[in-house]
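Here's the structure we're looking at; comments come further down.
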Amino acid sequence: MFKDKDDFIAAYKTAFVEESGNAFEDSDMERRYYILVNMIRERLSQDWLKSRERFRENGHKQVFYFSMEFLMGKLLVDYLLGLGLYDTVAEGLAELGLDLQELAAYESDAGLGNGGLGRLAACFLDSMAYLGIPGNGNGIRYRYGFFKQKIIDGFQAEMPDNWLINGYPWEIRKPEKSVIVRYKGTVKEKWVDGHLTVVHEGYEPVRAVPYDVPVIGFGGKTINNLRLWSAEPVNEVFDLSSFNRGELSLAIRSRSEVEAISYILYPEDSSPAGRELRLKQEYFFVAAGIQNIVSTFIKRGGDLAHFSRKIAIHINDTHPALAIPELMRVLMDENGVPWNRAWETTVQTMSYTNHTIPAGAGKMGRSLFRPPAAADLPNRAGNRPPLPGGTGHPRRRWGERYRDPAPRFRLDGEPRRYRQPFRQWRRQTAHRDLKNTVLKDFYRIFPDRFSNKTNGVSHRRFLLKANPKLSALIGRTIGEGWLYRPQDLIKLKDRAGDAIFLTELAAVKYENKCRLARHIFERTGTTVDPNSIFDVHIKRIHAYKRQLLNVLKIMALYDAVKENPDALARPLTFLFAGKAASGYHYAKTIIKLINTVAEQINGDAAIDGRLKVVFLEDFNVSASEIICPATDISEQISTASKEASGTGNMKFMFNGAVTLGTMDGANVEIHDIVGPENMFAFGLSAQEVLHLYRHGGYCSWDLYHSDPLLRTIVDHLIDGSLPGDRSQFCAVYDDLLRDNDPFFTLKDFHSYLDAWKRAAAAYEDREKWQRISLYNIAAAGYFSSDRTIKEYADEIWHTPYTNNGTPER
Ligand code: 26V
């Protein structure tokens, strides 16, 4: 692309004159960013085309990853790293007096996701491209992404995320590839020449226009595609007939109804009012995606009988579940494939991952969804999915495994969805146990169709990109192989006894802490000491993630320091970030609580900076990239049995932070892999939690009364010792005591505080701490999404990967 730094500089300077008629020297920073982005975009389009052609020629199976959410973050630096251009461009820019990181900050974060599920989709795309799997993302191009969070007077305020305001340089609109998605209307069955044909009449058409975003695999050989669909009216709305009749407002209304489909990303707590629109969204990108896949397959001469040999479609949780009946419908109604074959193809093609524990998730009200045809077919008598064991009565065929009624598509259950989340939780189960609980009927009949895949994260984004200093140190120590084979990080273990290496590791952490301290100061005006322990809790704000437990601990430490100024061995910095769903009042109160405790502690001159509490507003992918490298203690303290996996825990591990966590989700795997001496585990186990739920919980009131420390701290919530209105945290107090502490916050408190103290004490033995940190980095390789995707490719999608850990360049 560019031969060297000088070649880049020459090309960059020429681009200014060509594109803007102005010399580089006369341009502002924004223009410098856009010119850089345009250069990279132009250059990668050739490689993108080549990659597509290569896949077409080799005829490998394609994977389509259907997801309501893709949390891509910023892409410029990833692209440069992927294409092997990072150093050339960074050095070239430096020679021109520019900082690549500063320019890259002009890109808006593509925040088309709520949290873990959306970011996982982005990491999976990265790994598929690196491994040379023809993997395509399929989703929605939301006009507005996940809201921007402002903290005003300690409260969260939500602002629209107008991420497209200046255009998005990485997308390419492909109007010629638009498809029509049909809503509503009636379906008529007609017999023509002895064949049943299905005619959909009176429907409301919506044009789905694709926008493609390149996904560059590390090494640059494979460039895959993320296709995001935008909803547009089929005919220009200012159609003259409406206009002439003076019905302009009607015409405009119908346009906005159509555009509403891809207007905004729904928050996790979507209200009943929005559910019809969300169902429309779900059908929108699913129908567009399936149509696109099937028609391209046929156009390229594919035989539908072999569809599932060439295509795998994966759905990210239940949101795209309509892909299943839609594939059936397209095969049967539009391509004349008989039911049994269509079903067989659909079963072979589709796969699904569950990412959520709540029993109520994914159910759809019948009132909203009238299954017109294929969706309900599997439930009709005689049309049940083909099951093992030949013909005859099911009980004879499956024996004990059969129970009537056979598992059905769940279209009922709407009222339950809206119960308080913690009431739902009580009926729940640990994620890895789904096959024995929520899905047990399916498991009895199809045990082979179940498998557990440990999540992973892109170590290239969250280590190589986010932490260049640590990456360089690793490179100097074990070479560059870990970029391609993350398990190579294990070689770092050999340095556990190398005092010089451990000091270097500490120095890198210190520099990253300085970087974060500057960031915190710029954003909040709060100064934090890079020599303090950085204890970090960043994730969505949710009762089960227990930010409250951390706050209670901070309050206890504050009381301890007030009582004895020498109580702490060194200063402590507690950092929080995360968004609360806009309708989730409890979570919003927790944000206010964190900010109130911060106000009290940071403003207390008597404390003299020994404790600092910071809430960084507007947490997103870019924020995590600056925070993880600077973290000492990673807070992963969800109530055991609640977190399906967690992926933040893995991002911290790659950066040498040490986990303080419950035995929940992937913390269990972290604990197994890094060993109990290198993670600070605490709290009730999932079994204990589930046992307590089954037996009506425990009595938090008794615990509170019998435990003076707990009582003092909990009382602070309502005794006027916090600044502001003394009733503002009553709901939190009530939740702990009147509602019997549904997330076992008080029950786990002492165990948590003890584990934290063990961690803080370990930190004081600097060499020991560096060793623990090193062991975490060395063991993190398993948590690369490359490993996860290989497992999906081998066991679920049955697709080869052409790149298995060797540099491609
Ligand atoms: C629910 C809804 C409901 C309606 C509107 C849109 C929406 C979007 C997301 C969700 C549920 C979020 C599910 C999720 O993010 N699960 C997380 O998945 C991570 C990746 O597997 C996992 O690490 C986290 O533990 C899990 O909470």
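Below, all heavy atoms of this structure are taken into account, side chains as well, without hydrogens, waters or symmetry copies. Just follow the structure's listing: the first ligand is 1, and inside any ligand the first atom is 1.
Compare S645, G116, P267 by their heavy atoms: the one nearest to atom 19 (C) of ligand 1 is in G116. Across K642, M68, H355, heavy-atom proximity to atom 21 (O) of ligand 1 is greatest for H355.
With K539 as the partner, the side chain to side chain donor-acceptor pair (under 3.5 Å) test is satisfied by one option alone out of E635, Q547, Q636: Q636.
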In sequence, state the C-alpha distance, the side-chain angles, and the governing distance for R461 and D126, and then conclude on salt bridge (charged side-chain N to carboxylate O under 4.0 Å, His left out). CA-CA 9 Å; R461 176 170 282 251; D126 175 282; over 6 Å; no

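No N or O atom of G115 sits closer than 3.5 Å to an N or O atom of ligand 1. Inclusion of E643 in the set of residues having an N or O under 3.5 Å from an N or O of ligand 1 is warranted. Annotation: G646 places an N or O atom under 3.5 Å from an N or O atom of ligand 1; distance criterion only. Backbone and side-chain nitrogen or oxygen atoms of E69 are examined, and none is located within less than 3.5 angstrom of a nitrogen or oxygen of ligand 1.
Against a heavy-atom cut-off of under 4.0 Å, N455 is close to the following atoms of ligand 1: 20 (C), 21 (O), 23 (O). Here is the list of ligand 1 atoms found below 4.0 Å of a heavy atom in N114: 8 (C). Using a 4.0 Å cut-off to heavy atoms of A644, the atoms of ligand 1 that qualify are 25 (O). Counting the atoms of ligand 1 from 1 in the order shown, those under 4.0 Å from a heavy atom of Y544 are 27 (O). Within ligand 1, the atoms closer than 4.0 Å to a non-hydrogen atom of R278 are 4 (C), 5 (C), 6 (C), numbered from 1 in the order shown.
The shortest separation from a heavy atom of G118 to ligand 1 is not under 4.0 Å, leaving the residue out of contact. Heavy atoms of F146 stay at 4.0 angstrom or farther from ligand 1.
In this structure, Y211 has its ring center no closer than 6.0 Å to that of Y168. For Y752 and F682, the gap between ring centers is short of 6.0 Å.
With respect to K553 and D535, a salt bridge is recorded, a charged nitrogen being found less than 4.0 Å from a carboxylate O. A salt bridge is absent between E625 and K74: the closest approach of a Lys/Arg side-chain nitrogen to an acidic carboxylate oxygen does not fall below 4.0 angstrom.
Figure legend: cation-pi geometry between K280 and Y183, with NZ or CZ positioned under 6.0 Å from the six-membered ring centre and within 45° of its axis.
Here the side chains of D317 and E69 are not in contact, with every heavy-atom distance at 4.5 Å or above.
Side chain of N655 to main chain of F462: a donor-acceptor pair is present (N/O by atom type, distance under 3.5 Å, no hydrogens or angles).
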